[in-house]
Structures are given as C-alpha cells and as structure tokens.
Amino acid sequence: MYTTELQKNAQPTAVEDPARVAEFEARIARDEFIEPKDWMPEAYRRTLVRQMSQHAHSEIVGMLPEGNWITRAPSLRRKAVLLAKVQDEGGHGLYIYAAAETLGTSREQMVDALHSGKAKYSTIFNYPTLTWADIGAIGWLVDGAAIMNQVPLQRASYGPYARAMVRICKEESFHQRQGFEIMMGLAAGTAAQKRMAQDALNRWWWPSLMMFGPPDDNSPNSAQSMRWRIKRETNDELRQKFVDVTVPQAEAIGLTIPDPDLTWNEARGAYDFGAIDWDEFYAVVRGEGPTAKERLKARNDAWNEGAWVREAATAHAAKRARKAEAA
Amino acid sequence: MGADRKDIARYAISLGDDSLILGQRLGEWCGHAPTLEIDLFLANIALDLIGQATLLLDYAGTLEGEGRDGDKLAFHRDVLDFTNCLLVEQPNGDFGRTIARQFLFSNFQLLLFQALSNSTDATIAGIARKAAKEVAYHARVASEWMVRLGDGTEESAQRVAEGLDWSWRFVDELFEAPDAKLIEAGVAVDPASFRPAFDAAIDAVLRDACLARPADRRATVGGRRGHHSEHLGHLLSQMQFLQRTYPDARW
C-alpha cells in the first residue's frame with residue numbers, strides 16, 4: 001500500500017450535523033461517488049488528503065530509486081522503457097496531487113509536508129537499488145503490490161481519486177509486466193544475471209509484503225476507511241492475494257521466494273507465509289529506512305535548487321499579464 | 001553516386017550519436033528537476049531522442065553489415081569512435097545551462113531533420129520526417145523556457161545567459177559539412193544551407209528573452225572526428241558499464 005500512516009486517523013474535531021452525516025453515510029453505502037463540491041465529514045476529508053497525498057508523494061519519491069538506473073540501463077530498449085515508466089510515475093503523482101487539491105489542500109502544502117519530513121510516503125522507496133535486477137524486482141513486486149492495492153481503489157468513494165486510479169492502474173499493469181520481463185530475462189541468463197535476480201528478490205520480497213501496511217489487528221482505523229470505502233480490502237487480505245499471485249510467478253522463472261516457512265495450505269487454498277519483521281516496518285515508517293535520508297535530501301535539493309526557475313516562471317507570467325493589461 | 005553503404009552508415013552514426021548522447025544527458029535529470037512538469041517534459045524529450053538513436057544506429061548497423069546493431073554501437077564503442085557533436089555531451093549544469101543547450105541543439109536538429117526529410121536515402125528520410133515532428137516540440141518548449149528565464153528574474157536571466165555562454169563555442173561545429181560524397185548524392189545535407197534560418201530563429205527567441213546574442217568566438221570542434229571533451233568518457237563509462245562488465249550477457 002502506498003499509504004503507511006492510516007492508523008493515525010484523524011478524530012472529528014467539530015460536532016457535525018447528524019442528518020448530513022447520515023445522508024453522507026447512506027450515499028457511501030449506496031456506492032455513490034462523493035464529488036468535490038459535496039458535503040463530507042471533516043475526518044473523511046482529512047483522511048483522504050492524507051491518503052492521496054501519501055500516494056502522490058510515493059509516486060514522486062519512487063522516481064528516485066528507478067531513476068538511479070536510467071543512465072545505466074543495459075540496452076537502448078530498456079533505457080526507453082524505464083524512462084517511459086519513471087515518467088508515468090511522475091504523471092501519476094501529478095494527477096493524484098491534482099485530485100487531492102479538489103479537497104482544498106494545495107499542492108504546495110502537500111509538497112512542503114513531504115520536504116519537511118512531516119508527510120509519509122511508501123516505506124518501499126527507502127531501500128536502495130543496487131543492481132539492474134532491482135529495476136526488474138521493483139516493477140514486478142512493488143508495482144505488482146501497488147496494483148493489488150489500487151485496483152479496488154478504482155471503486156473508492158471519492159470520485160476524483162477513483163477516476164485517477166483507473167488510468168493509473170492501466171499504466172501500473174504495464175510496469176508490472178516490464179518488471180517481470182526483466183526478471184525473466186535475468187533468471188534465464190548467465191550465472192551472474194541469475195545471481196542478481198535472486199539477490200534482488202531476496203532483498204525486495206519482505207519490504208514488498210510490508211507495503212500493504214500493518215496487520216489488520218494492528219490497523220485500528222482500517223474499519224473506518226473501509227466503511228468510507230476509501231479502502232476496500234484489508235491489509236492482510238491484499239497481502240495474501242499478492243503472495244498467492246506472486247509465488248507461482250517466481251516458480252515459473254526459477255527463482256526462490258526467501259521464506260523458509262512458505263507452504264501451500266490446501267485447506268485455505270492459499271499460501272501460508274513466514275512472520276514479517278514489523279519492527280523493521282515501523283522503523284522505516286519513522287524515517288529510519290536505509291536510504292530515507294538520501295531520498296528526502298534528493299527531493300529537497302531538487303526543490304531548493306529549482307527555486308530560481310519557479311520564481312522566474314512566476315515573474316515572467318506576471319510581466320506578461322501586466323503587458324496584456326496595458327495593451 | 002559516389003557514396004557507398006559505409007559512408008551512409010557513418011553519417012547515420014553521427015546523427016544517432018547526437019540523439020543518444022543528449023538523451024543520456026537528459027535522463028540524468030529524471031526525478032531532480034525544478035518542477036514535476038519540467039521533469040516530465042525533460043523525460044519526454046529524452047525518450048524521443050533515445051528512440052531516434054535506436055532507429056539511426058540500428059540502420060547504421062544494417063548498412064555496415066558487420067553484425068552490429070544499435071545496442072552494439074551504443075554500448076561497445078569508446079570515445080574515439082563516437083561522432084556526436086560536442087554540444088550534446090556537455091554536462092547538464094543547472095537548468096539554465098540545460099535549456100540553453102537544448103534550445104541551440106533542438107533548433108539545429110529541427111532544421112536538419114526537415115531538410116533530411118527529402119534525403120535520397122529513404123530510411124534516413126523516413127526517420128527524419130518522424131523525428132522532425134518530435135523535435136518541433138523540443139524546440140518550442142526549449143524556446144519558451146529561454147524566454148521565461150531570460151525575461152524572468154535577474155537571477156534567471158543571469159543563469160540562462162551563463163548557460164548560453166557555456167554552449168556558444170560549440171555552435172559552429174553543428175554546421176560542419178558532412179562527407180561531400182553524401183551531400184552530392186543527396187543522402188546528407190550541408191547544414192551551412194540552413195545556417196541563416198538557424199541564426200534567425202535563435203535571434204528571434206533571444207530578442208523575446210531579452211538576452212544578448214553571445215559574441216562570436218573561436219569554435220571548439222572535433223566531435224565529428226572522435227575528438228571530444230573530457231566529459232564524454234565519463235558519460236560513456238556510466239552508460240556502458242553493464243554491457244562492458246558482462247559482455248556475454250543479454251538484457
């Protein structure tokens with residue numbers, strides 16, 4: 001999941017008109033879309049801003065680990081595909097920021113929150129991309145996990161978010177396939193390539209499972225988000241789906257999932273898997289991931305070093321407006 | 001017709017190298033641009049350039065008939081065999097320098113590809129026709145940014161002027177004539193033929209941007225003969241590292 005902080009759900013601050021709340025809840029229950037001008041409870045609005053801005057931040061920060069390999073992609077085709085993919089992520093960030101702005105929070109406020117370290121983004125992007133295989137693993141596992149989470153969000157109750165998600169899901173599924181294709185090639189390649197592929201799977205597997213967020217029994221506000229239909233399946237349900245889909249894919253290309261406890265459970269019709277290191281997850285959420293400092297510094301540097309460009313664009317637009325007025 | 005396949009291949013390589021090296025440079029910006037919108041258009045231009053490079057270098061490989069394709073040419077040549085112009089290999093610097101470089105190169109490349117759309121070599125003509133449409137967008141975006149930066153704030157005007165100054169010594173090289181045989185055969189064009197159009201286009205934008213045209217200076221040349229700046233070797237060592245480290249692997 002691209003949002004890691006949902007458990008910190010906001011409590012309603014003011015007393016809201018019970019009739020309006022009831023009408024809102026009824027609309028949600030009828031699976032109607034809530035649109036920007038509709039009345040909504042403050043807590044719904046705040047939770048959505050948090051969820052959507054975290055999602056947008058994740059897209060933007062997510063450009064960094066993959067961007068790290070654009071200049072080193074091993075063929076012209078791989079370079080073009082990776083450029084296109086990273087550009088898509090930037091585009092996703094843009095739509096989601098725009099969709100979140102309809103809730104009354106400006107992009108600037110959201111971006112400031114990211115740069116100051118106040119806002120969160122997916123824990124997964126705080127891990128380093130060491131080899132080319134990591135680009136395969138990110139597409140296959142990270143985008144694969146993102147799709148699991150985002151497909152149900154195409155039916156999220158907030159209209160602009162749901163609609164943004166429709167387009168995003170189409171592109172994510174291309175990303176997932178390109179990642180798997182990279183891994184497939186490596187797994188069938190030289191000994192050095194196989195080693196890279198297996199090592200990438202070893203490093204990215206557990207952080208990918210953590211992307212779905214804390215276990216359901218430790219995710220107290222999931223129920224509220226589910227009732228609001230801005231989350232449509234629980235963390236554990238989505239995680240299980242991901243494992244069930246991904247394990248056979250790994251087997252198909254001859255890679256081993258790094259989990260000695262992984263076994264097919266006939267009775268459940270699903271894989272049982274080993275314990276997730278939640279201490280690691282919470283540490284990464286706190287900003288203690290291996291590349292957290294690098295990621296935040298890269299975003300801040302880009303922003304600060306680009307300040308003069310944004311100022312120039314604003315100044316130029318103002319000059320033009322003055323000229324147009326004078327004419 | 002005096003031009004043989006090898007001559008045409010060499011020409012296609014120089015065109016492809018221009019696109020490849022600039023595409024590589026622009027790829028360095030990804031995730032680090034001043035705004036998300038700028039990040040996206042730089043990646044867009046890079047993507048177009050890598051696409052052009054792929055078509056041109058693949059074609060060169062076919063003409064050579066020595067079993068090299070675009071990847072072999074891109075990832076297994078050293079500095080002396082690259083024949084891109086010096087302008088495209090210049091480091092990005094700040095956004096002002098990147099945009100000045102793009103502005104000069106895209107305006108040149110637009111006129112070049114427009115002229116090459118009538119090349120007697122059907123493949124080069126086809127690639128040029130497709131690419132000219134892309135490059136028209138590159139030239140437009142870069143020109144718009146020249147104006148924004150030049151006529152923005154004092155700082156932006158100074159930075160973009162410095163970027164222009166950095167690049168200016170490499171402009172004349174763009175207009176070096178390729179192999180006379182190729183021009184005679186109508187495969188290549190002599191860029192001198194569109195130098196006046198280039199100067200006019202550049203001057204018009206610089207006027208809008210309130211920027212002075214830099215003073216003429218001794219041209220720095222050599223790229224078309226494999227004599228590059230110090231920067232190209234570093235760019236190649238990064239771009240080619242996987243292919244060089246694992247020469248027997250396919251990706």
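These figures come from a predicted structure and were not determined experimentally. All heavy atoms count here, side chains included; hydrogens, waters and symmetry mates do not. Letters A, B, ... are given to chains in the order of the sequence lines, protein chains preceding strands, and every chain is numbered from 1.
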Can you find a pair of side-chain heavy atoms, one from [X] and one from [Y], that are under 4.5 Å apart?
{"X": "B:Leu36", "Y": "A:Ile60", "result": "yes"}
{"X": "B:Asp94", "Y": "A:Val309", "result": "no"}
{"X": "B:His32", "Y": "A:Glu305", "result": "no"}

Would you call B:Glu37 and A:Arg107 a salt bridge, taking side-chain N to carboxylate O under 4.0 Å as the test?
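Salt bridge flag = yes for A:Arg107 with B:Glu37.
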Quick check: does any side chain N or O of A:Arg299 sit under 3.5 Å from a backbone N or O of B:Gly31, one acting as donor and the other as acceptor?
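Yes, because the side chain of A:Arg299 sits within donor-acceptor range (under 3.5 Å) of the backbone of B:Gly31.
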Donor-acceptor check, side chain of B:Arg250 to backbone of A:Gly189, threshold 3.5 angstrom: yes or no?
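Answer holds: no.
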Let me know if [X] has heavy atoms under 4.5 Å from chain B in its side chain, its backbone, both or neither.
{"X": "A:Met196", "value": "side chain"}
{"X": "A:Gln193", "value": "side chain"}
{"X": "A:Arg320", "value": "neither"}
{"X": "A:Thr71", "value": "both"}
{"X": "A:Leu64", "value": "side chain"}
{"X": "A:Ala188", "value": "neither"}
{"X": "A:Leu82", "value": "neither"}
{"X": "A:Arg78", "value": "side chain"}

Check whether [X] gets within reach of chain A through its side chain, its backbone, both or neither, counting any heavy atom under 4.5 Å.
{"X": "B:Ala74", "value": "side chain"}
{"X": "B:Asp39", "value": "side chain"}
{"X": "B:Leu235", "value": "neither"}
{"X": "B:Trp145", "value": "side chain"}
{"X": "B:Val147", "value": "both"}
{"X": "B:Ile38", "value": "side chain"}

When heavy-atom pairs shorter than 4.5 Å are enumerated against chain B, which of [options] gives the highest number?
{"options": "A:Trp308, A:Tyr97, A:Trp132, A:Trp303", "answer": "A:Trp308"}
{"options": "A:Arg72, A:Met63, A:Lys79", "answer": "A:Arg72"}
{"options": "A:Pro74, A:Ala313, A:Gly93", "answer": "A:Pro74"}

If I take atom [atom1] from residue [X] and atom [atom2] from residue [Y], how far apart are they, to the nearest 0.5 angstrom?
{"X": "A:Ser75", "Y": "B:Gln243", "atom1": "OG", "atom2": "CD", "value": "7.0 Å"}
{"X": "B:Lys72", "Y": "A:Leu76", "atom1": "NZ", "atom2": "CG", "value": "13.0 Å"}
{"X": "A:Gln87", "Y": "B:Asn44", "atom1": "CD", "atom2": "CG", "value": "4.5 Å"}
{"X": "A:Leu83", "Y": "B:Gln24", "atom1": "CG", "atom2": "CD", "value": "9.0 Å"}

Determine the option with the most heavy-atom pairs under 4.5 angstrom with chain A, choosing from B:Gln238, B:Met239, B:Gln240, B:Arg159.
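Option with the greatest count: B:Arg159.
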